[in-house]
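Quick caveat: nothing in here was measured; it's all calculated off a predicted structure. Atoms considered below: every heavy atom in the structure, side chains included; atoms not considered: hydrogens, waters and symmetry mates. Residue numbering restarts at 1 for every chain, and letters A, B, ... go by the order of the sequence lines.
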2 protein chains.
Amino acid sequence: MPNESSAPEGAAPGPAAASSAGRTLTTTSYAILALLAVRPWTPYELAQQMDRSMRWLTPRSASVVYEEPKRLVADGLAEAAKEFTGKRGRTVYGITEAGREVLRAWLAGEAGPADARESDLLRIAVADLGELDDLRRTLARMRADADERLAQTRARAAEYQDTGGPFPARLPVISLVTRMFLEQSEAMARWAAWAEEAVAEWDGVTRETGARVPDDAFGEAGSEARE
Amino acid sequence: MPNESSAPEGAAPGPAAASSAGRTLTTTSYAILALLAVRPWTPYELAQQMDRSMRWLTPRSASVVYEEPKRLVADGLAEAAKEFTGKRGRTVYGITEAGREVLRAWLAGEAGPADARESDLLRIAVADLGELDDLRRTLARMRADADERLAQTRARAAEYQDTGGPFPARLPVISLVTRMFLEQSEAMARWAAWAEEAVAEWDGVTRETGARVPDDAFGEAGSEARE
DNA sequence: GCAACATACTCCGCCCCGGAGTATGTTGCC
DNA sequence: GGCAACATACTCCGGGGCGGAGTATGTTGC
């Protein structure tokens, strides 16, 4: 059976296709789109800004940052304007109304790249481009995920402790990494619960509209971690 | 066949070049090699086992798991034996002495893929294929990394708190993700310190040779996290 | 006897990486 | 005023990895 997966310029929307785009948008797409929603950028600035603001969330190398806007333009989600300084050209990218729309849809829904972890965090970071309820829903989902993951990790740990695992001689080294996963998933679950609670008291998604920086947001995360 | 076509540095013996292989080995390479060091596997078993044991450490899709052993064979680090069940052939892969050697070298040194995080954790998980001192060195490095990362994260958090960041209106959402990074890096630093301490009391790297499962390895990671 | 499942793979388009390469602006210093 | 250093503005390419589709043969259970 011939694969018709590449239906490029046919404007044929796949079933799972994110709104108007003729491809599945990636986390990179949404990251760039979120930046463009703030103001127009040249690719160079975009690369700088991606490095500054997205490095911790979802790092992307410069070559990718140069590519993605072109695709967004092809999808009709961004637009490019050519400018010149002497004989030196440069492109300035802006977001289109369609672009804002898919961004809003992404912030509002489950749609988007399957790679949940990193894109969820991005969703939080740019939540002020969407609605308060979107943020709450995302946090609720993340909390559920984190709790489930924690439960799984604990179950695995308990199993190793009880049975010794398939290679009991290896248990000491295994215990080291297991403890690491416990620590990480507990941290995640703790955070998700905290964040959900904090946002429960918000009236909006920015400072002006009623969001508040929680008192303990920037301090020691675990009060007991002090030493 | 030396596919050296793209590397014009011909005579330059890269110090980071993993021993005899004509390419830079990836984390995947070491993961597979570590499995092969335990026993021979068919690709199908390998894929199963990768999913079982490496899913949390460094997940790889099946197609990659089928590809990698071929490369390892080309590098002389693994060997393939063809077997038949009726007219159905299958390959069984085993590790070569050269393979064990690069695995030992990887466990002993800094060499390997730059992507430190995930490969370090793998190094811990298969540390029983190497020496106790290798494990200690890896943990010391990880602890230093974790501490530095924590310091950076705290510095960024403090900066946001003091200056409000470039977009003060966005501070509430930013504070959410910042807190998440604080939580994560604290967890990591806490773990690294714990692990280093635990291993300090070991005499070997397996149970038989004097490694012990720490008492609190499988319990609540943070004693305060109980609720 | 046949369906369902397990085994044993191959192939392909796409994303992303990271480093090399190519230009042309602007700034600062002697 | 000249020139080096740095900033800006990109393109190109090989390779790793993903994930889903496709192919084919063995084994098991009803």
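Two residues, A/Pro59 and B/Glu67, neighbour DNA chain C, and the one matched to the more 5' nucleotide by heavy-atom proximity is B/Glu67.
When the nucleotides D/dG26, C/dG25, D/dG16 are ranked by their closest atom to the side chain of B/Arg71, D/dG16 comes out on top. Nearest nucleotide to the B/Lys87 side chain, out of D/dC10, D/dG26, C/dC16: D/dG26. Among the nucleotides C/dC16, D/dA9, C/dC9, the one closest to any side-chain atom of A/Tyr44 is D/dA9. When distances are taken from the side chain of A/Thr91 to each of D/dG26, D/dC10, C/dC16, the shortest belongs to D/dC10. Side-chain proximity of B/Ser61 to D/dG19, C/dC16, C/dA8: nearest is D/dG19. Comparing atom distances between the A/Pro43 side chain and each of D/dC18, C/dC15, D/dC10 picks out D/dC10 as nearest.
In terms of polar N and O atoms assigned as donor or acceptor, the side chain of B/Ser63 comes within less than 3.5 Å of the base of D/dG19 in a complementary pairing.
Atom-to-atom, CZ of A/Phe84 to P of D/dC10 comes out at 10 Å; the value is rounded to the nearest Å. Following rounding to the nearest Å, B/Trp41 (CH2) and C/dA8 (P) show an atom-to-atom distance of 13 Å. Protein atom CD of A/Glu45 is 17 Å distant from nucleotide atom P of C/dG25, rounded to whole Å. Residue A/Arg90 contributes atom CZ, which lies 12 Å from atom P of C/dG25 at whole-angstrom precision. Distance CE (A/Met50) to C1' (C/dC16): 12 Å, rounded to an integer number of Å. In this entry the distance linking OH of A/Tyr66 with C1' of C/dC15 reads 19 Å, nearest Å. Straight-line distance from the CG atom of B/Asp51 to the C1' atom of D/dG17: 16 Å, rounded to whole Å. One atom, CD of A/Glu68, and another, C1' of C/dC17, lie 15 Å apart when rounded to the nearest Å.
Taking a cutoff of 4.0 Å between a charged side-chain nitrogen and a carboxylate oxygen, B/Arg52 and B/Glu45 do not qualify as a salt bridge. A salt bridge between A/Glu183 and A/Arg190 is absent, with no side-chain N of the basic residue lying under 4.0 Å from a carboxylate O of the acidic one. Under 4.0 Å is where a charged nitrogen must lie from a carboxylate oxygen, and between B/Glu186 and B/Arg179 no such pair does.
In this structure, D/dT25 and C/dA6 make a Watson-Crick or G-U wobble pair, each of the two defining distances being under 3.5 angstrom. The base-pairing partner of D/dC30, taking Watson-Crick or G-U wobble contacts with both distances under 3.5 Å, is C/dG1.
Of the options B/Arg156, B/Glu148, B/Arg149, a side chain to side chain donor-acceptor pair (under 3.5 Å) to B/Gln152 is made by B/Glu148 and by none of the others.
For B/Thr28, no side-chain nitrogen or oxygen approaches OP1 or OP2 of D/dG16 to under 4.0 Å.
The residue B/Thr85 sits close only to the backbone: its heavy atoms come under 4.0 Å of sugar-phosphate atoms, none of a base.
Contact of the A/Leu122 side chain with the A/Met54 side chain is registered, since non-hydrogen atoms from C-beta on lie closer than 4.5 Å.
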